[in-house]
Amino acid sequence: MRKINDVVEKLLLCLAGSLFAAFILTVLYQVVARNYLKISVSWTDEVAMACFIWAVFIGAAVAVRKRKHYVIDIFPPQFVITQRVLRLFGSLACLPLIYVLVVHGNILVDMGWNRRSVALGTPMAYVFAALPVAGIAMFLFSIEVIYDDMVALRNGGKVKRMNEVEGS
């Protein structure tokens, strides 16, 4: 599972980085066109928005695997088992959100085929598809994270993943 997630993570990071670069370049083009070329480019808003949405949702999925979402340390670092239990609880608490992203995201994608973007005229389903795609990636990453937490709890909280940062 970890090897599959490694490949998925690399693909998602490459995609998110490319989309973020496209977002920056599109906004830069819009600024140059409006301020220096004195022309209005209507499609740049929609392309920038779509790139940004996709990059954010893909980044959120990768953050699930790396445990880079907001964390509040309630107990000091000496309470290793307590912190592992809370991490496991947090990972399990994310599963309903992942369900919403996948199931209801698919419903939104289905509705998006009948909605068109104003400037480009493309179906909004392409933008809405970021939700279920990110949800599926989050689910794959959550399986790994939950498994790691359960193994660590079984071993007294002493097992640590290779990419886990101390104190995170």
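Between Leu153 and Val85 the shortest heavy-atom distance is CD2-CG2, 3.6 Å.
Across Arg2, Lys66, Lys3, a single residue satisfies salt bridge (Lys or Arg N to Asp or Glu O under 4.0 Å) together with Glu9, and that is Lys66. Each of Asp6, Ile4, Leu11 was checked for a side chain to side chain contact (heavy atoms under 4.5 Å, CB included) with Val8, and the lone residue meeting it is Ile4.
For the atom pair Phe57 CZ and Leu131 CG, the distance stands at 4.0 Å (nearest 0.5 Å). Atoms CG and CE, from Asp148 and Met1 in turn, are 10.5 Å apart once rounded to the nearest 0.5 Å. Atom CG of Asp45 sits about 11.5 Å away from atom OG of Ser117, to the nearest 0.5 Å. In this structure, the separation between CD on Glu144 and CZ on Arg65 is 4.0 Å, given to the nearest 0.5 Å. Rounding to the nearest 0.5 Å gives a distance of 12.0 Å between CD1 of Ile74 and CZ of Phe79. Rounded to the nearest 0.5 Å, atoms OG (Ser91) and CE (Met150) are 11.0 Å apart.
Connection of Val32 to Phe23 is not established within any shared hydrophobic cluster, with ILVMFWY side chains joined at heavy-atom distances below 4.5 Å, either directly or through further cluster members. In the hydrophobic cluster analysis, where Ile, Leu, Val, Met, Phe, Trp and Tyr join through side-chain heavy atoms closer than 4.5 angstrom, Val56 is grouped apart from Phe128. Under the 4.5 Å side-chain heavy-atom criterion for ILVMFWY residues, no single connected hydrophobic cluster contains both Leu19 and Val27.
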Next on the checklist: The test is side-chain contact (heavy atoms from CB on, under 4.5 Å); show your working for Leu86 and Gln83 and say whether it passes.
Outcome noted: CA-CA 5 Å; Leu86 290 174; Gln83 288 189 356; 5.6 Å; no

Next on the checklist: Applying side-chain contact (heavy atoms from CB on, under 4.5 Å) to Val133 and Trp54, what does each step give before you reach the verdict?
Outcome noted: CA-CA 9 Å; Val133 168; Trp54 270 91; 3.8 Å; yes

Next on the checklist: Please determine whether side-chain contact (heavy atoms from CB on, under 4.5 Å) holds for the pair Phe141 and Leu12, giving the CA-CA distance in whole Å, both sets of side-chain angles, and the decisive distance to 0.1 Å.
Outcome noted: CA-CA 12 Å; Phe141 295 151; Leu12 291 179; 4.1 Å; yes

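The pair Asp149-Arg67 counts as a salt bridge, with a side-chain nitrogen and a carboxylate oxygen less than 4.0 angstrom apart.
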I'd like a table of donor-acceptor pairs (distance under 3.5 Å, sequence neighbours excluded) in which one partner is a side-chain atom from residues 93-114, with atom names and distances.
residue, atom, partner, partner atom, Å
Asn106, ND2, Val102, O, 3.0

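Here the side chains of Met138 and Val64 are in contact, with some heavy-atom distance below 4.5 Å.
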